[in-house]
Protein chains: 2
Amino acid sequence: MVSPKKTPRPLSADAMALIARRFAVLSEPMRLRLLHALFAGEKSVNELVGLTGGTQTNVSRHLQTLTQAHMLTRRKEGLQVFYAISDPSIFQLCELVCGSLEKQFSRQADVFARQGG
Amino acid sequence: MVSPKKTPRPLSADAMALIARRFAVLSEPMRLRLLHALFAGEKSVNELVGLTGGTQTNVSRHLQTLTQAHMLTRRKEGLQVFYAISDPSIFQLCELVCGSLEKQFSRQADVFARQGG
DNA sequence: GCGTTATATGCATATATGCTCATATAAACA
DNA sequence: TGTTTATATGAGCATATATGCATATAACGC
């Protein structure tokens with residue numbers, strides 16, 4: 001469907017592994033739910049547990065993964081720890097994927113409509 | 001680091017799972033290598049085996065995964081099967097992630113430079 | 001039909017990853 | 001000091017997924 005475009009840039013195998021890792025971090029529903037909850041701004045772990053419906057253990061683990069991937073920042077204040085999105089490209093990434101999925105589904109809906117009608 | 005932005009759009013748990021799945025497809029180095037090889041245009045399975053250094057079995061499997069995710073199209077011509085990128089957003093996704101990683105590493109390089117100097 | 005080439009797939013296995021339970025750390029407070 | 005609250009982590013289990021070997025399918029030429 002897509003004709004040859006200008007290759008964005010050359011990518012080493014190592015670079016490719018890093019990119020893959022980044023996508024992997026974004027490939028878990030619970031982590032996406034956490035990011036989504038953080039779209040509105042900084043939240044404590046307990047708030048995120050409430051918002052996502054996950055267990056405290058699991059939420060904490062995923063927050064660690066996101067932080068190690070440099071997608072979140074961690075700020076401790078008394079007993080609480082607050083997390084916030086630190087990488088603005090996360091927003092764009094999700095937008096891009098959402099848009100692509102919407103197109104895909106609207107095409108599929110189109111096919112069903114044609115079959116049905 | 002990032003102040004509350006306008007929330008891009010509300011996302012159901014189902015939508016989130018679909019987005020996660022899409023990121024998961026992009027989270028394997030071999031699949032990224034295949035996509036990268038296809039940036040220049042349509043290629044046969046054998047060509048991709050040569051370009052990526054993978055086994056025929058493995059390349060075929062990953063091509064299937066990418067095709068089922070609607071990222072590639074499949075065209076059979078005689079004995080050969082040609083694959084091509086069908087979703088232009090793949091280019092943008094990789095660009096975004098590359099850019100984000102570059103920023104991250106230049107910041108880290110900065111820190112090292114400050115420590116060293 | 002038979003053989004050859006290109007691609008796909010069933011099965012087995014290894015590795016990674018997510019999840020939970022129980023427990024550890026860490027801060028606040030009495 | 002001991003207690004409570006908020007968060008993190010070690011260990012074990014379950015599941016997913018990537019990979020390779022052998023083999024199946026499919027198209028072509030003889």
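Numbers restart at 1 for each chain; the letters A, B, ... are given by sequence-line order, proteins then strands.
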Visitor: Might you point out which heavy atoms bring B/L96 and A/S89 nearest each other, and give the distance in Å?
Guide: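 What the structure gives for the nearest pair is CD2-CB, 3.8 Å.
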Visitor: Less than 4.5 Å apart, side chain to side chain, heavy atoms only: is that true for A/L26 and A/L35?
Guide: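 Answer yes - side chains close enough.
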Visitor: Taking atom P of D/dT5 as reference, at what distance in whole Å does atom CD of A/Q80 sit?
Guide: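 About 13 Å, once rounded to whole Å.
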Visitor: Quick one: how far along DNA chain C does chain B reach, first to last nucleotide 5' to 3', anything under 4.0 Å to a heavy atom?
Guide: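 Here the contact window of chain B covers C/dT5 to C/dC11.
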Visitor: For B/R75, enumerate each residue passing the side-chain hydrogen bond (donor to acceptor under 3.5 Å, both in side chains) test, keeping only those at least two apart in sequence or located in another chain.
Guide: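 For B/R75, the residues satisfying side-chain hydrogen bond (donor to acceptor under 3.5 Å, both in side chains) (neighbours in sequence not counted) are B/E42, B/E77.
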Visitor: Atom CZ in B/F23, atom SG in A/C94: separation rounded to 0.5 Å?
Guide: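 Going from the CZ atom of B/F23 to the SG atom of A/C94 covers 5.0 Å.
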Visitor: Using a 4.0 Å cut-off on heavy atoms, which residues in residues 57-68 of chain B reach DNA chain D? List them by number, or say none.
Guide: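 Of all residues in residues 57-68 of chain B, the ones placing a heavy atom under 4.0 Å from DNA chain D are B/T57, B/N58, B/R61, B/H62.
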Visitor: Under 4.0 Å, counting only non-hydrogen atoms across every strand here, what does B/F82 touch: a base, just sugar-phosphate, or nothing?
Guide: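 B/F82: no heavy atom of the nucleic acid under 4.0 Å.
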Visitor: Kindly say whether, by distance alone, the side chain of A/Q56 makes a donor-acceptor pair under 3.5 Å with the base of D/dA8?
Guide: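 Looking at the base of D/dA8, it does pair with a donor or acceptor on the side chain of A/Q56 (distance under 3.5 Å).
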Visitor: Check side chain to side chain contact (heavy atoms under 4.5 Å, CB included) between B/K103 and all other residues, then give those that pass, not counting sequence neighbours.
Guide: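 B/K103: side chain to side chain contact (heavy atoms under 4.5 Å, CB included) contacts with B/R107.
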Visitor: Below 4.5 Å, heavy atoms only, C-beta onward: do A/L38 and A/M71 meet side chain to side chain?
Guide: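 A side-chain contact is absent here, since even the closest heavy-atom pair is not under 4.5 Å.
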Visitor: Is there side-chain contact between A/I19 and B/C98, with heavy atoms separated by less than 4.5 Å?
Guide: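 Result yes, sub-4.5 Å side-chain heavy-atom pair found.
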Visitor: Are OP1 or OP2 of D/dA8 and a side-chain N or O of A/Y83 less than 4.0 angstrom apart?
Guide: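 For D/dA8, OP1/OP2 do have a side-chain N/O of A/Y83 under 4.0 Å.
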Visitor: Please give me every residue in residues 45-52 of chain B whose heavy atoms get under 4.0 Å of an atom in DNA chain D, ordered by residue number.
Guide: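 Here the set is empty: none.
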Visitor: Enumerate donor-acceptor pairs with a distance under 3.5 Å from any side-chain N or O in residues 62-70 of chain A to protein atoms, sequence neighbours excluded.
Guide:
{"residue": "A/H62", "atom": "ND1", "partner": "A/R31", "partner atom": "NH1", "Å": "3.1"}
{"residue": "A/T65", "atom": "OG1", "partner": "A/R61", "partner atom": "O", "Å": "3.3"}
{"residue": "A/T67", "atom": "OG1", "partner": "A/L63", "partner atom": "O", "Å": "2.7"}
{"residue": "A/H70", "atom": "NE2", "partner": "B/Q108", "partner atom": "NE2", "Å": "3.3"}

Visitor: Between A/T55 and A/R21, who's closer to the 5' end of DNA chain C by nearest nucleotide?
Guide: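 It is A/R21 whose nearest nucleotide is closer to the 5' end.
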Visitor: Are any non-hydrogen side-chain atoms of B/L72 and B/I85 less than 4.5 angstrom apart?
Guide: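 Heavy-atom side-chain distance check passes, below 4.5 Å.
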